[in-house]
Number of protein chains: 2
Amino acid sequence: MESNTPLGRKVTVRDIAAACGVSRATVSLVLRDSPLVNKDTRARVEEELRRQGYVYNRAAANLRRRTSSSIALVINELANPFFAEFAAGVDDVVGEAGMVTLLGSSSESPQREQAVLGSLIEHGPGGIILSPAEGSDARQVLAAVGARTPLLVFNRELSGEQPEYAHWDSLALDNQQGAREATAHLIAQGHRRIAFFGGHGDSSSCRQRRAGYREAMKAVGFPMAPHWEVECLPTRLDAARCAEALFEADPAPTAAVCYNDAVALGLMHGLAERGLAPGQDFALTGFDDIAEAALATPSLTTLAAAPRARGRQAAQMLLQRLRDPDAEARRIVAPVKLVIRASSCPPLA
Amino acid sequence: MESNTPLGRKVTVRDIAAACGVSRATVSLVLRDSPLVNKDTRARVEEELRRQGYVYNRAAANLRRRTSSSIALVINELANPFFAEFAAGVDDVVGEAGMVTLLGSSSESPQREQAVLGSLIEHGPGGIILSPAEGSDARQVLAAVGARTPLLVFNRELSGEQPEYAHWDSLALDNQQGAREATAHLIAQGHRRIAFFGGHGDSSSCRQRRAGYREAMKAVGFPMAPHWEVECLPTRLDAARCAEALFEADPAPTAAVCYNDAVALGLMHGLAERGLAPGQDFALTGFDDIAEAALATPSLTTLAAAPRARGRQAAQMLLQRLRDPDAEARRIVAPVKLVIRASSCPPLA
DNA sequence: CTGAAAGCGCTTACAG
DNA sequence: CTGAAAGCGCTTACAG
């Protein structure tokens, strides 16, 4: 690893070729593990590569070969553990494929998302995985990334999506099925007055989860009261603040399907402040199965979205697309799994 | 944005130059906002760039200019919210500087870290931010990245670090000061028998926090019992399991400084299982100020490391280094801030 | 203010 | 099996 080369200049194939008395082409063939090159020549070149501390310049190779060795990953909110896990899963698979992840974060702003996509696309990623900011628009995204680079949309739909974007793959969670199962579970535990708590009607995931909730309630013919659908920001703090809205009118619900775990944990907090013991006096379910769902008191029945596995899956889908650009678009809706932890929703007394 | 170009070929400066009847050099000058070019010519070229949907090829430009427009970020555990926040902070600043983040995750494995560094370095990042895997070795890292690319070490020390790595910048948290303040706070609340709970002696952050704890105890002359220093994995689950170790011998502590918030939350769980009400029967402090510290019951007094701010700071330090490669290395130890939430450590009755 | 030429570090046919 | 030549898409002196 020691280098005789002055720090000012990078070692290139030319240096190696000169030192070995071969052509640059030969060095290139060695680098690319070509079987064409003589065993002894290869050994000599490899020794010299090591000796001079040669570092392959993949950008130059990509330019010449017109290939890419990167995948762009644009996340709406990287600080959110769900998306952080997702990103980790993507990066696992991208790394295994010998490629590198170009990271971008939009902070839930479609404007930032535009800027980030514009910047990343100039680096020539082979494909893009986009977890859209809320309100992100399909036309804007197309304008930013062009039609040449395969794109996979994760988790949310883009607004205004038209048939001309049908070539984009997508991977989403089956929000509706999940919320349906959670609601059915609470019903099976004996609840009739069940609320849907948290989230925002603007978001497609919230709309889908609500639809699943309503579907399950309708399936058994239970009525729903308007004040049982409470909107709040998808944060603990706001959920805690909004808890009382559930009890403002009669009849009050005895259970709630929550938009996600953060909201459910916040609701627990809000219930406790009203003197209600979550789990005992009021049953609830979450969505996501974040780490603390299992460790909260009471532990939380929730829907596992397996974000790391989804990240791996998204990356695999995109790599598949790079191999076969003309295959029909795949729109996968991954099922979520109900994780029953009795303490947050025991049988109704 | 509509493109007349067949999908098979990318639009290049050559296409734009031909369409406008100017040379490629002129197009290049327009792209780089040079004041040299005539106003009308510029307008014509810009219109044509838009018309053909030109996308700048930054890799080609970087090759020619021998510059870089990326920063590599290698994280030991991206799924950990602390590091996810850190990564988000890094990416904010990198993006603001018009650069792009190359992401890598080592999953706490020095071997994976080596592989990831080796892969990222081939993409020619301008600099590297490394949050080392536990046990990562300075010589190995140097072998993987070479001496040419500036590196900033975050959060942990590399093992076997020698004077020859003194050119690496570093940003760490003042673990010792933080633990000292937490311990002093518990002492001020009236505790004398204070434990240090959780973490692993292999990790430098754990050793530093323990040192701060001991220092504070010694400063007031309080004795420490060996069974008050309990090791466990830095996870809730293991912390809950290890809680009883605190009570195996007499005298039992009345409070604990915990290695981090996850461990503190786990300890709360373990205390509750033993019939002790955390906060009332046993005081404790955390470290990190993760989101649920404020919302746990009882809410947790802890030390705020502000990971997002640290990410921004790390990126700024590295960008500064790129501007001034020969400046002396900076080794910054960022203070952490005690966030007092009385409910986890009220005055001792 | 604009153009012709050379070159960043690599790879790919094509000869030999 | 190896080498000479051309070229990926851009930028930079250097002329004019």
Side-chain angles (χ1 to χ4, degrees), chain A residues 5 8-46 48-49 52-70 121-126 146 148-149, chain B residues 5 8-46 48-49 52-70 121-126 146 148-149:
Chain A
T5 313
R9 235 175 49 69
K10 250 186 211 155
V11 178
T12 73
V13 284
R14 171 168 259 129
D15 299 307
I16 306 299
C20 296
V22 299
S23 77
R24 292 182 292 154
T26 302
V27 176
S28 176
L29 291 173
V30 170
L31 286 172
R32 316 205 62 243
D33 268 330
S34 162
L36 291 179
V37 46
N38 178 291
K39 199 161 143 295
D40 292 353
T41 314
R42 165 183 301 283
R44 245 173 51 233
V45 169
E46 280 175 344
E48 190 62 23
L49 288 166
Q52 297 203 29
Y54 173 79
V55 176
Y56 189 66
N57 184 332
R58 203 166 283 278
N62 282 332
L63 177 60
R64 181 56 176 84
R65 304 183 64 200
R66 300 150 133 254
T67 56
S68 171
S69 57
S70 62
I121 200 78
E122 295 187 349
H123 289 83
R148 315 182 48 83
T149 307
Chain B
T5 313
R9 236 176 47 69
K10 249 185 212 157
V11 178
T12 73
V13 285
R14 172 169 256 126
D15 300 307
I16 305 299
C20 296
V22 299
S23 77
R24 292 182 291 153
T26 303
V27 175
S28 176
L29 292 174
V30 170
L31 286 172
R32 319 207 58 245
D33 268 332
S34 161
L36 291 178
V37 45
N38 178 292
K39 197 160 144 296
D40 293 353
T41 315
R42 164 182 302 283
R44 245 170 53 232
V45 170
E46 279 175 345
E48 191 63 24
L49 289 166
Q52 296 203 29
Y54 172 80
V55 176
Y56 189 65
N57 185 331
R58 203 165 285 279
N62 281 333
L63 177 59
R64 181 57 177 82
R65 303 183 65 199
R66 301 147 135 256
T67 56
S68 172
S69 57
S70 61
I121 201 80
E122 295 186 349
H123 288 83
R148 317 181 47 82
T149 308

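Below, chain A is the first sequence line, B the second, and so on; all start at residue 1. Both backbone and side-chain heavy atoms feed into the values below; hydrogens, waters and symmetry mates do not. The model shown is predicted, which means the values in this text are computed figures rather than measured ones.
Between B:G126 and B:T149, the shortest heavy-atom distance links the atoms O-CG2, 3.9 Å. Of all heavy-atom pairs between B:G124 and B:S70, the closest is O-OG, 4.1 Å.
For the pair B:S23 and C:dT2, the criterion of a side-chain N or O lying under 4.0 Å from OP1 or OP2 is not met.
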With B for base contact, S for sugar-phosphate-only contact and - for none (protein heavy atoms under 4.0 Å), nucleotides 10-16 of chain C reads BBB----

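The distance between atom CZ of B:R42 and atom C1' of C:dT2, rounded to the nearest whole Å, is 14 Å. Distance CG (A:N38) to C1' (D:dG3): 15 Å, rounded to an integer number of Å. Nucleotide D:dG3 holds its C1' atom 13 Å from the CG atom of A:L36, rounded to whole Å. In this structure, B:R66 places its CZ atom 12 Å from P of C:dG7, rounding to the nearest Å.
In this entry C:dA13 has no Watson-Crick or G-U wobble partner, no candidate having both defining distances under 3.5 Å.
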Criterion side chain to side chain donor-acceptor pair (under 3.5 Å) on B:N62 and B:S69, from CA distance to verdict:
CA-CA 7 Å; B:N62 281 333; B:S69 57; 3.0 Å; yes

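For A:E48 and A:R44, the salt-bridge test fails: no basic side-chain N is under 4.0 Å from an acidic carboxylate O. With salt bridges taken as basic N to acidic carboxylate O contacts below 4.0 Å, none links A:D15 and A:R24.
Side-chain contact between A:N57 and B:L63 is present, with heavy atoms from C-beta onward closer than 4.5 Å.
The residue A:G124 sits apart from the nucleic acid: no heavy atom pair falls under 4.0 Å.
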